[in-house]
Student: 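Structure below; questions to follow.
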Amino acid sequence: MTCFMEEDRSRNLLSLLKRRGIIFPAFEVHGGVSGLFDYGPVGGRLLRKVQQAWVDHFLRLGNIVVIDSPTLTPHSVLEASGHVGAFNDHASECAACNAVFRSDHLLETHHSNPDSLAAAELDGLLAEHEVACPSCGEQNWQGARPMNLMFSTRIGATGGGRQAYMRPETAQGMFLAFPYLYRHFRSRLPFGAVQVGKGYRNEISPRQGMIRQREFNMAELEYFIDPQEPLNLDLSPWNDRPFNLVPDPQGPAPDPSQLTIADAVASGVVRDATVGLFMALTHDFLVAVGCDPKRIRFRQHEGDEMAHYASDCWDCELHGAYGWIETVGIAHRGCYDLEAHEQATGSKELRAWREFDEPQSVVKDVLVPIGGVIGPAFRDRASQVNEALAALEHLPESLPFELTLGSGEVVTIEQNMVEARRIEEVARGEWFLPHVIEPAFGMDRIIWHIVDHAHEETEKEGEPYVILHLAEGVAPYDVSVLPLFEKDGMGEMARALNQRILGIRGIQSQYDSSQSIGRRYARADEIGTPWSVTVDHTSLEDGTVTVRRRDDQQQIRVGQDDLCDHLARGSVSSLFS
RNA sequence: GCGAGCGUAGUGUAGUGGUUAUCACCGAGCGUUGCCAACGCUUGAACCCGAGUUCAACUCUCGGCGCUCGCACCA
């Protein structure tokens, strides 16, 4: 029964979203494309406001900047990041029952690294090891086919050109901006960059409405830290708010619990304090944009679910019409990403400098080549000899001695060719790869849940009535201005007031005069407009207007100046006692 | 991707091998009313796309696209 009603509710919500121009399937006139959606005339502003609230929320940390990088990404970047491998799996289909499996999963027990194999090799191994279909037990595989989850394209208009993909995440742009970020922050960790934008994944079959899309809005934060720097994060501001935690069932505290973030970090349930900090900040954000705290939980990745480089990973899940859905992933990525790009490119700019407390002096015995002797003696091999001498870890017991060159060739070094010297090198610090904490937000999933949590179906005088209790900060329209009746000058006064309100920075107002006043209130409630302002007969006499609060339909009367001041300061609610 | 079901105004729906279609809400205009989806009049708007069968297809068949569910995939 509850299940049925829940299904009903989400169907009603879906048609509301379409009817009121919030979210609807894209390109419907052409038949629609699965996995693509429009934010409409009302939803467009909802999306922008949520995105802006997100950016503002994290900029408040003070050491965060916003960047914006291309969605079009060259092959080499995504190869280095591991996406080309991870997103280019092969699938094998059972000819008997049509079940589809990832080819490498089928071969896991027969090959150490099936991920790396080509289609023909996969087919060969499936046959050789007589792998049966897990679903029907037959051994009748169709040829393995690549499933490329990235949208592929080429950079260059005349064919040829460079292989590229539409980015599957925004993160790589931030990793590769590291040298600029490092300079901007005057070479001092920790700092972070955020980016809000589109990501693309060519899903095999997108389902569940906007929960899984082919083009989606993401918001990601990369927070760069020095892993050796002692953390002194103050998590006590969240001590009054225990969070719902679902820890790794194989971990030390496997049972779901309610813990403050400080306790969770202190007891090791959350393994990293910075991860804990971002969990708390994530929670704050979701509540600020209108998610119900009771329907927010954090779930820790199980050991085998976590990417190999990550040391801790928590998903923030929201509960709604589709059950618990992952909306934010907060991962400790170690130095994986920067290291991967460093290795792929040889760049030396992806590191940060760590000053030692005390300069460390290293005393070293070396053999300094004497060029005047080495040169004539070895001629074109002289530079190899010099390199080999410089690379010596231990000096030979005595001279002459046999020196192995980089080429493998062995030469004899005579006493007169080198000078033994003791040198002292002072190291003031070292270059290291920063570690990264990455909170990654799926904006569309968050917006779905904002709307879901805000959507109230109630009754008014026996009739069904819908109110979208959107948080003031994200509501598409802040206010709607309604003349009680469009005559005797009420229409003119209301239009003038509407125009005046539109002049307030960041405030959107909607003038509505069609049909009865009750119907107009209902329309405003349905798209979540928090305030309705009505110009009535009294307004004509003394200039005051009434303000109606969406959430309880309470009404008060105020002067127009007063109203505009409060709208500008975002304090309209203080007008109500 | 496979299987099952489905696809009719903005939304929710009715219905039929025979003059392109029901109802409600919805939207617009005018009037009455004058603070919570009021009333009257007028008006707007749909058979997913394509092929086939047929004298005739919104209706039957096939294909495509889309939606829902299950399996699989994915986070």
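All chains are named by letter (A, B, ...) in the order of the sequence lines, taking the proteins before the strands, and each is independently numbered beginning at 1.
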Student: Only pairs with both distances under 3.5 Å count, Watson-Crick or wobble alike; so what is the partner of B/U61 in this structure?
Tutor: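 Check on B/U61: paired to B/A51, both distances under 3.5 Å.
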Student: Categorize A/Ser532 for me: base, sugar-phosphate, or nothing, with a 4.0 angstrom heavy-atom threshold over every strand shown.
Tutor: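 Nothing, no heavy atom under 4.0 Å.
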Student: Under 4.0 Å between a side-chain N or O of A/Ser516 and OP1 or OP2 of B/C35?
Tutor: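 For A/Ser516, the contact criterion (side-chain N or O under 4.0 Å from OP1 or OP2 of B/C35) is not met.
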Student: Per the atom types in the model, does the base of B/C36 pair as donor or acceptor with the side chain of A/Arg548 at under 3.5 Å?
Tutor: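 Flag set: donor-acceptor pair detected.
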Student: Is the number of heavy atoms from other residues, nucleotides or ligands under 6.0 Å of A/Gln553 CD greater than 12?
Tutor: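 Count over threshold, so yes.
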Student: Is a donor from one side chain sitting under 3.5 angstrom from an acceptor on the other, for A/Ser257 and A/Asp255?
Tutor: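 Absent: no donor and acceptor within the cut-off.
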Student: Heavy atoms only, 4.0 Å cut-off, all strands: where does A/Gly442 land among base, sugar-phosphate and nothing?
Tutor: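 No contact.
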Student: Examine the side chains of A/His469 and A/Asp551 and answer whether a donor and an acceptor come within less than 3.5 Å of each other.
Tutor: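 Result is yes, a qualifying pair exists.
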Student: Would you kindly give the OH-to-C1' distance between A/Tyr322 and B/C69, to the nearest whole Å?
Tutor: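 Distance check: A/Tyr322 OH to B/C69 C1' gives 12 Å.
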Student: Between A/Val535 and A/Arg207, just flag the one whose closest nucleotide in RNA chain B comes earlier from the 5' side.
Tutor: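 This one resolves to A/Val535.
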Student: If the cut-off is 4.0 Å, is A/Ser15 near the phosphate of B/G10, judged by side-chain N/O to OP1 or OP2?
Tutor: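 For B/G10, OP1/OP2 do not have a side-chain N/O of A/Ser15 under 4.0 Å.
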Student: Tell me, with the steps shown, if A/Trp531 and A/Tyr477 meet ring-ring contact (aromatic ring centres under 6.0 Å, His included).
Tutor: CA-CA 9 Å; A/Trp531 313 110; A/Tyr477 285 99; over 10 Å; no
Student: Pick base, sugar-phosphate or nothing for A/Asn12, based on heavy-atom distances below 4.0 Å to the nucleic acid.
Tutor: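 Touches nothing.
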Student: Does a nitrogen or oxygen in the side chain of A/Arg519 sit under 4.0 Å from OP1 or OP2 of B/G27?
Tutor: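 So the side chain of A/Arg519 is within the cut-off, an N or O lying under 4.0 Å from OP1 or OP2 of B/G27.
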Student: Among the nucleotides B/C71, B/C35, B/C74, which one has an atom lying closest to any side-chain atom of A/Arg212?
Tutor: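 My answer, after comparing the listed nucleotides, is B/C74.
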Student: Give a yes/no answer on whether the side chain of A/Gln515 brings an N or O atom under 4.0 Å of OP1 or OP2 in B/C36.
Tutor: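 A/Gln515 to B/C36 OP1/OP2: no side-chain N or O under 4.0 Å.
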Student: Would you please confirm or rule out a distance under 4.0 Å between OP1 or OP2 of B/G10 and any side-chain N or O of A/Lys18?
Tutor: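 Answer no for this pair, as no side-chain N or O of A/Lys18 is under 4.0 Å from OP1 or OP2.
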Student: If only side-chain N and O atoms of A/Arg11 are considered, is one of them under 4.0 Å from the OP1 or OP2 phosphate oxygen of B/U13?
Tutor: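 For A/Arg11, the contact criterion (side-chain N or O under 4.0 Å from OP1 or OP2 of B/U13) is met.
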Student: Determine: side-chain N/O of A/Arg523 to OP1/OP2 of B/G27, distance under 4.0 Å, yes or no.
Tutor: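 Yes.
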Student: Taking donor-acceptor contacts at under 3.5 Å, does the side chain of A/Glu203 reach the base of B/C73?
Tutor: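 No such pair is found, so the answer is no.
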